[in-house]
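Excluded from the calculations below are hydrogen atoms, water molecules and symmetry mates; all remaining heavy atoms, backbone and side chain alike, are included. Here is the naming used below: chain letters follow the sequence lines, and residue numbers restart at 1 for every chain.
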There are 2 protein chains.
Amino acid sequence: MPVAHDDTRPLTLRDVSEASGVSEMTVSRVLRNRGDVSPATREKVLEAAKALGYVPNKIAGALASQRVNLVAVIIPSFRNMVFPEVLSGISSVLEETDLQPVVGVTDYLPEKEEKVLYEMLSWRPSGVIIAGLEHTDASRAMLKASGIPVVEIMDVDGTPIDSMVGISHRRAGREMAKAILKAGFQNIGFMGTKMPLDHRARKRFEGFTEALAKNGVEIMDQEFYSGGSALAKGREMTRDMLDRTPELDFLYYSNDMIGAGGLLYLLEKGVKIPEEIGLAGFNGVELLDGLPRKLATMDACRTEIGRKAAQIIAARVDNPDAEIEKEIELTPTIAYGGTLRRK
Amino acid sequence: MPVAHDDTRPLTLRDVSEASGVSEMTVSRVLRNRGDVSPATREKVLEAAKALGYVPNKIAGALASQRVNLVAVIIPSFRNMVFPEVLSGISSVLEETDLQPVVGVTDYLPEKEEKVLYEMLSWRPSGVIIAGLEHTDASRAMLKASGIPVVEIMDVDGTPIDSMVGISHRRAGREMAKAILKAGFQNIGFMGTKMPLDHRARKRFEGFTEALAKNGVEIMDQEFYSGGSALAKGREMTRDMLDRTPELDFLYYSNDMIGAGGLLYLLEKGVKIPEEIGLAGFNGVELLDGLPRKLATMDACRTEIGRKAAQIIAARVDNPDAEIEKEIELTPTIAYGGTLRRK
DNA sequence: TTGAAAGCGCTAACAG
DNA sequence: CTGTTAGCGCTTTCAA
């Protein structure tokens, strides 16, 4: 039971020192399990600390030791289920170390990224994990100057500041295009998000159209949305697109949520899938397991990216000169589901 | 363009001071927009800071000023879409202030909550927003002793340590039970998560059964799941329960995701909804907008809870003695959708 | 095994 | 408007 202390000032090491009759230094040693302390003193100190309800001040500790056990993690959004999964990969690895992730969100805005980064770096974290390879010049400069390990994640189509872990979205788009053509579809429509700043979606789209072009095929129709429930948007866009371009025989969605919306719509209409129309999404979200028909998709290796990135940080914090692989490309595989088969 | 400095030591105020020929104190004033500084010196300082690529050290700043602009936010999980929405409510309010949220995750484990809380409090944040009213004794003690504003969110069925913002889950359960009975359903099944530590789900369930009992009705069947895709689980559980208890005429799901799974399953089977079977979920997630039929649900006021909680913290940080309402109960309303109407 | 002194990088408070 | 002084609460380093 914490014992009340005079005023409302937070407790300090000194309070514990006085309460236990042991020097501040020794109290500090006990509380950090550092150096040799006799079991007796140790006992006394722990008792006093607990009785008082002492919580160490990491700010002072960090300033004195010049070490901060935080890892800055910067992502575009929490709403896109992709990022929580990356975070859980990061957490699972960092939990084994004494490092702690601290998350910042950019809303896909470069200026906000810059601000968040500045804010986080000012806490002098031990490392940075940041989504994407595209940053403002100022952001790059800060990251370079920080002198701490930096891992850029999700994407490998570009040059990292320090190291990177991800998939090639360009290649992902190409692979999907090839699979669709191979399955015999030719009249292809595309639906995606209206987000010029989502570089990974853009790269997938570019890879996709590029691979089609190489085979003499061009997208017949395309539509981009923003805002609203992705599932509902997928439904609407699919309806509109098919009204507009009824000869389509395949729909490629830039994410699984809108793909699921499209799938539900088509099933309701009694459209034969994939005989009349084939479908594919992107991400491999768990949600798809519950749909009436499994949507073809491509796994973005989210958890694994998080794990690998955290491992790099942990290794470098442990030993700044550790020999580590600086560019890790994971390979997503196509899950064919029931919507991308030879028609 | 940042100018290289000798060694790899991070830059300090002193470096900027020397580069600009202005005292450290004045540099500090400029960088914080504090006090009066002549435009000329101001200019010089900003230029030097930018040229060097200086990023302030908040650790030192916080220690010196005894003020930390962080708000600790402690939630059970990122995976449950509820929490990202609460976060976005919090962010939207804190963005207008100079406070910053820092998120910690407990995985619904009281001991982990305790650990995360300890960890966060050791950074001496300006306030704490924490999900739920149930905590270990040690956690409560820490929160009380912290001397900072604490807002417990999501739930109001209990006594807060300091203040609380949320809905009454017990009442939510009761209201739903009444609505179901009023619509003429009597043979009711329940499906939920197998999470003894999800107190809010438990309270909803208790309120639900209690209100039924008051009307002489008892749940005919119930099932609890854990792990896996919620959509898929909803589908499976619904199938199993109807196989087991075919006379059911209403299914109440503890969250919208499993409810959506059940809905999709029943629609596929050609079951008439709500004539043969009525359905309801809980949360009011955006996802539902895209389903073939809108599922009845109850809004959990997620964003609003986040906003209100952040407002309380901001007000108290601004003025510790501010007169504020300490217990805010929001009232969820039933969205009837198309699955809870008189059959 | 324990303690004393010095200082981490910044800001409050005051003086000019 | 600008500078000086004295810490913030801890840990590092060295001495006992």
Side-chain angles (χ1 to χ4, degrees), chain A residues 5 7-46 48-49 52 54-69 98 119 121-126 146-147, chain B residues 5 7-46 48-49 52 54-69 98 119 121-126 146-147:
Chain A
H5 57 288
D7 51 354
T8 83
R9 161 187 61 79
L11 293 160
T12 68
L13 216 43
R14 167 178 234 122
D15 295 307
V16 182
S17 164
E18 283 170 1
S20 62
V22 175
S23 79
E24 283 186 46
M25 196 52 235
T26 301
V27 172
S28 168
R29 286 197 183 97
V30 172
L31 264 25
R32 285 177 301 142
N33 291 312
R34 272 278 162 57
D36 292 318
V37 180
S38 77
T41 3
R42 194 186 154 66
E43 192 67 17
K44 259 195 298 189
V45 170
L46 288 175
L52 292 170
Y54 172 69
V55 176
N57 185 331
K58 284 217 180 186
I59 301 193
L63 183 62
S65 66
Q66 304 283 63
R67 290 160 358 80
V68 178
N69 69 338
D98 68 340
E119 211 61 40
L121 286 180
S122 73
W123 287 102
R124 300 286 187 269
S126 291
S146 70
Chain B
H5 55 289
D7 51 353
T8 84
R9 161 186 62 79
L11 293 159
T12 69
L13 216 44
R14 166 179 234 121
D15 294 307
V16 182
S17 166
E18 283 170 0
S20 63
V22 176
S23 79
E24 282 185 46
M25 196 54 231
T26 302
V27 172
S28 169
R29 286 195 183 98
V30 172
L31 264 24
R32 285 177 300 143
N33 291 312
R34 272 275 162 54
D36 291 318
V37 179
S38 78
T41 1
R42 194 186 154 66
E43 192 67 16
K44 257 195 301 191
V45 169
L46 288 175
L52 292 172
Y54 173 68
V55 176
N57 185 332
K58 284 217 179 186
I59 300 194
L63 184 61
S65 66
Q66 303 282 62
R67 290 163 356 81
V68 177
N69 69 337
D98 68 341
E119 211 60 42
L121 286 180
S122 73
W123 287 101
R124 300 285 187 270
S126 291
S146 70

In whole angstrom, give the distance that lies between atom [atom1] of [X] and atom [atom2] of [N].
{"X": "Met25(B)", "N": "dG9(C)", "atom1": "CE", "atom2": "C1'", "value": "12 Å"}
{"X": "Arg42(B)", "N": "dT2(D)", "atom1": "CZ", "atom2": "C1'", "value": "15 Å"}
{"X": "Leu13(B)", "N": "dC8(D)", "atom1": "CG", "atom2": "C1'", "value": "16 Å"}
{"X": "Arg29(B)", "N": "dA13(C)", "atom1": "CZ", "atom2": "P", "value": "12 Å"}
{"X": "Arg14(A)", "N": "dA4(C)", "atom1": "CZ", "atom2": "P", "value": "11 Å"}
{"X": "Arg9(A)", "N": "dC8(D)", "atom1": "CZ", "atom2": "P", "value": "11 Å"}
{"X": "Arg67(A)", "N": "dG9(D)", "atom1": "CZ", "atom2": "P", "value": "21 Å"}
{"X": "Leu63(B)", "N": "dA6(D)", "atom1": "CG", "atom2": "P", "value": "18 Å"}

Problem - Minimum-distance pair of heavy atoms, taken over all atoms of Tyr54(B) and Val16(B) - result: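 So the two residues come closest at CG-CG2, 3.6 Å.
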Problem - Smallest separation among heavy atoms of Ala49(A) and Leu31(A), with atom names - result: CB-CD1, 4.4 Å
Problem - Comparing Glu24(B) and Ala60(B) on DNA chain D - which has the more 5′ nearest nucleotide - result: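 The residue mapped nearer the 5' terminus is Glu24(B).
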Problem - Proximal nucleotide (of dC10(C), dT2(C), dT2(D)) relative to the Ser38(A) side chain - result: dT2(C)
Can you check whether [X] has a side-chain N or O nearer than 4.0 Å to OP1 or OP2 of [N]?
{"X": "Thr12(A)", "N": "dG9(D)", "result": "no"}
{"X": "Gln66(B)", "N": "dG9(D)", "result": "yes"}
{"X": "Tyr54(B)", "N": "dG9(C)", "result": "no"}
{"X": "Ser28(B)", "N": "dT11(C)", "result": "yes"}
{"X": "Arg32(A)", "N": "dT11(D)", "result": "yes"}
{"X": "Thr41(B)", "N": "dC1(D)", "result": "no"}
{"X": "Ser23(A)", "N": "dA4(C)", "result": "no"}

Practice task
Looking at every strand, decide which applies to Asp36(B) at a 4.0 Å heavy-atom threshold: base, sugar-phosphate, or nothing.
Solution key: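 Base, at least one base atom sits under 4.0 Å.
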Exercise for the section: Answer yes or no: are there more than 12 heavy-atom neighbours, outside Arg14(A) itself, under 6.0 Å from its atom CZ? Expected result: no
Problem - Short N-O contact, Arg67(B) and Asp98(B), less than 4.0 angstrom - result: no
Practice task
Answer yes or no: is there an ion pair linking Arg42(A) with Asp36(A), defined by an N-O contact shorter than 4.0 Å?
Solution key: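 Here Arg42(A) does not pair with Asp36(A) in a salt bridge, since their nearest N and O are not under 4.0 Å apart.
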